Amino acid sequence: MESCWLEGEGQEEEEDMEEDWSAPVDGREAQDQHHSPALARSTVSFSSPDGPSVASDGASSASSSSAEGTGIMTRMELNTFKAGMEGLDKEKINKIIMEASKGSRFYENELRKEKQMAGRISAMMDRLASITPQQQQEALLQVDKMVEDLVEGRDLSRTIVHLDMDAFYAAVEMRDNPALRDKPMAVGGIGMLSTSNYLARKYGVRAAMPGFIGKKLCPDLVIVPTNFDKYRTVSSQVRDVLRQYDPYFAPMSLDEAYMDLTEYLELRKSLPEEERTFYAHTEECFMSKENAAVDNQKKEDMLGETQASVKVPELSVNSTTNIDDEDGSLEKSKVTPCHDDNVSSPCCGTEELPETCEQIAKDVKEKEKPEGHDCETMGCEKVVFGCDAEEVVREIRFRIQQRTYLTASAGIAPNMMLAKVCSDQNKPNGQFYIPSDCEAIMDFIKDLPVRKVCGIGKVMAQQLNALGITTCTHLYEQRAVLSLLFSPISSSHLLRVALGLGATRIERESERKSMSVERTFSELSKPSELYRKCWELCEALAKDLQDEGLKGRTVTIKLKTVNFEVKQRGQTVPRAVSSMNEIYDVAEELLKMEIQQCQPQPLRLRLMGSSAKRRKQEKPPTKTTTLDRFFL
DNA sequence: GGCCGAAGGACCC
DNA sequence: CTCCAGGGTCCTTCGGCG
């Protein structure tokens, strides 16, 4: 239960979600003038009052606000950036997506948002044009001071891993139903797909795509309903493995997690070979294996498939003996106190400290072995893993695969931001390592598309794009301008990205801040129906809250009109609430106001939600009477 | 000016 | 022929208030 919040049904890994932003900018072109397009532009625009024309040029290329036509609707197209997109007909796919969407209310709303975005960008370009060279100089000076601090505070002492299950939900379904293995399939419903297998991706079917469009792209697409209980089970098996390498690992969803291997790697150095030895189980092994729960039919089929992929992740198991001790000698990265990165101490939680890593490791290793099974005599392939980070991660992936028959990808780097990007690098069933030295980091960062960075989404990417920024190098080159155009928080985040910096301490699970329930339905507009729906939602929410023993001080309702416009209305109450009645009282009132607001017209909704949020956070951990762990 | 609450979004899975 | 989720977190902007 301590893992509560992470049970939030994750969407699904790498998937880029629907989006796209379909980089209209051709990389090369950007590179040619990437010296500082924005800089040049603003200088030009400054020296010549006409400047804007130059600037607006850049803006319009990034997001033509001209109606219809080709350029617009960049938000609906397919993101070709991600892995597994080789050799597929983007043109054709986008055409199909377009045709399926055109004219729908959804599409109209997207159009609206697109225009709004264009407006924001052009406002930004105007601001850019009004920046004087002096301002820029000053900004640069200031930013470079920050750069200095940031670089000085760089902490290369940690080894962070981001682990990501490959096409998780889809992989689980394929594992359990062999009939699906050679078919393009996706998990979800006709309304929305959570993820798709790699075969389906070839057709352009991706996560966060509505099922009916998936069907259009790939008429043979098999859509399997989600089965979260199953994914949760598998997920916990994976977590069992991860825990042994970092008891404080942080699951981000059912299918991905961050780990800090620093401590473990230290310990690993003195781990005898037998402790690093595993066996690739063969069919016979499985016959007696724990998975007895699975019916035989499935099991057999599973094995057939598994054999093929059971091989050790990545290359040579034998090259493993390279116990690179050279690694321990990197004193160049003097351990700095890393003041910038989050200061949470990973190892201070007094919670259930699961003994030591060694103990856990032994325990679980036993568990992984089929009962009463002796690998030595059963002829299982013996695998010995080395002691460096890459070897350990291979071992982790190997064990995950042995345990779940599913593959995972991983990224290893000195901080979370990089690790996350890395895990995507060799996506299905691969891993990528960035050693802990500045040069390696910068080399990696250099051409990294900003869009790949976690936290830079469609919108930010498009804004940056308008400034001629597509890679992290550009990000650095434009640091002065960025500091002037974006908020301090945003620009410092961008700056850190540009420097290859990221959190080096994995936050201990934090308390949840809100809880919500929302539902999409076919149009409702009669007040009685709306109140009824509201009631149901509040009921569900109250139950969820009570199940976790939580209360909320702010009750909000969320409404989505049939035109996809989203509204939220909230009210904070004097005392935290959790009961059905208390919540509904507030929600009903809020809903009533909305219904009245559009009075003669009916309020036509396609979705309604209800949520309870905790209030800010008390400044000092107020020692208010060991206050119940409620939202205040 | 600073903090808070409300509303709207961006982003992530 | 219809048909685009649901669970979160965090940031930004704005108006009110003391």
Side-chain angles (χ1 to χ4, degrees), chain A residues 4-19 21 75-76 97 100-101 103-110 113 116-117 120 164-165 168-169 187-195 206-216 223 226 228 231 235 251-257 420 451 453-463 486-490 493 507 510-523 537 540-541 544 553-560 562 564-573 590 606-611 613-617 619:
Chain A
C4 50
W5 66 271
L6 47 98
E7 303 293 6
E9 351 300 299
Q11 167 92 351
E12 166 55 357
E13 87 258 64
E14 82 261 61
E15 290 2 284
D16 24 310
M17 313 284 75
E18 83 246 66
E19 63 233 340
W21 67 292
R75 39 170 53 246
M76 306 206 49
I97 294 177
S101 311
S104 66
R105 294 186 208 265
F106 176 81
Y107 176 86
E108 293 304 321
N109 189 250
E110 290 298 296
K113 291 201 265 185
Q116 187 183 307
M117 257 244 51
R120 274 178 61 183
D164 196 339
M165 299 297 293
F168 189 47
Y169 300 168
V187 177
I190 199 67
M192 186 58 65
L193 304 178
S194 284
T195 191
R206 317 299 305 263
M209 173 179 279
F212 71 93
I213 289 185
K215 279 281 196 187
K216 288 214 162 101
I223 298 180
T226 50
F228 282 109
Y231 312 146
S235 186
M252 302 306 290
S253 66
L254 291 181
D255 78 305
E256 70 179 71
K420 167 87 177 163
R451 187 55 230 274
V453 177
C454 188
I456 299 185
K458 196 170 14 185
V459 172
M460 177 60 84
Q462 222 174 107
Q463 298 187 81
F486 292 93
S487 73
I489 289 180
S490 298
H493 173 244
E507 281 249 33
S510 57
E511 268 192 74
R512 103 160 40 233
K513 301 191 170 63
S514 72
M515 192 176 263
S516 66
V517 177
E518 70 187 54
R519 228 38 86 196
T520 294
F521 38 75
S522 47
E523 176 169 350
L537 290 163
L541 178 61
D544 288 352
R553 279 232 18 221
T554 302
V555 174
T556 70
I557 61 170
K558 174 176 171 179
L559 309 173
K560 178 144 57 168
V562 290
F564 289 88
E565 281 167 317
V566 177
K567 287 182 217 188
Q568 282 178 92
R569 296 295 176 258
Q571 189 184 329
T572 72
V573 294
L590 293 166
R606 76 181 328 272
L607 169 147
M608 194 185 292
S610 169
S611 79
K613 298 185 206 305
R614 169 168 61 174
R615 202 176 39 161
K616 276 274 86 160
Q617 176 72 118
K619 280 321 91 40

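Chain naming here is simple, since letters A, B, ... match the order of the sequence lines and numbering starts at 1 in each. Small disclaimer: the values here were computed from a predicted structure and weren't measured.
For the atom pair CZ of R606(A) and OG1 of T520(A), the computed distance is 5.5 Å after rounding to the nearest 0.5 Å. Distance check: R614(A) CZ to E511(A) CD gives 5.5 Å after rounding to the nearest 0.5 Å. Atoms CD and CG, from Q568(A) and L559(A) in turn, are 9.0 Å apart once rounded to the nearest 0.5 Å. Distance CE/M608(A) to NZ/K558(A): 12.5 Å, rounded to 0.5 Å. Distance check, rounded to the nearest 0.5 Å: CD1 of I223(A) to NZ of K215(A) gives 5.5 Å.
Look at K420(A) and you'll find a side-chain N or O under 4.0 angstrom from OP1 or OP2 of dC13(B). Dashed line: the shortest gap from a side-chain N or O of K513(A) to OP1 or OP2 of dC10(C) is under 4.0 Å. The side chain of T554(A) contributes no N or O atom lying less than 4.0 Å from OP1 or OP2 of dG5(B). The side chain of R120(A) places an N or O atom within less than 4.0 Å of a non-bridging phosphate oxygen (OP1 or OP2) of dA10(B). Residue S516(A) has a polar side-chain atom (N or O) positioned under 4.0 Å from OP1 or OP2 of dG8(C). Listed pair R569(A) / dG8(B) meets the phosphate criterion, a side-chain N or O lying under 4.0 Å from OP1 or OP2.
Ring-plane geometry between F228(A) and Y169(A) is classed as perpendicular, the angle between the planes exceeding 60 degrees on a 0 to 90 degree scale with a lower cut at 30.
Residue R105(A) is out of contact with every strand shown, counting any heavy-atom pair closer than 4.0 Å. At the heavy-atom level, K567(A) lies under 4.0 Å from the strands shown only through sugar-phosphate atoms. Within the 4.0 angstrom heavy-atom criterion, only backbone atoms of the sugar-phosphate kind lie near K560(A); the bases stay farther away. Looking at heavy-atom distances under 4.0 Å, I213(A) makes contact with a base.
Rounded to a whole Å, the CZ atom of R606(A) is 8 Å from the P atom of dC3(C). Rounded to an integer number of Å, the gap from CD1 of I223(A) to P of dC3(C) is 16 Å. Atom pair I190(A):CD1 and dG6(C):C1' shows a separation of 18 Å (rounding to whole Å applied). For the pair D544(A) CG and dG8(C) C1', the computed distance is 13 Å after rounding to whole Å. Residue Q571(A) contributes atom CD, which lies 19 Å from atom P of dC4(B) at whole-angstrom precision.
Taking the charged nitrogens against the carboxylate oxygens, R105(A) and E108(A) have no contact shorter than 4.0 Å, which rules out a salt bridge.
Within 3.5 Å, a donor on the side chain of S101(A) pairs with an acceptor on the base of dC4(C), or the reverse.
Going from the C1' atom of dC12(B) to that of dA5(C) covers 14 Å, rounded to whole Å.
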Strictly under 3.5 Å: I want the nitrogen or oxygen pairs between protein and nucleotides 11-13 of chain C, one per line.
residue: dT12(C); atom: OP1; partner: S487(A); partner atom: OG; Å: 2.0
residue: dT12(C); atom: OP1; partner: S490(A); partner atom: OG; Å: 3.4

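Toward the 5' end of DNA chain C, the nearer of the two residues F564(A) and E518(A), judged by each one's closest nucleotide, is F564(A).
Between R75(A) and Q462(A), the closest side-chain pair of non-hydrogen atoms is not below 4.5 Å.
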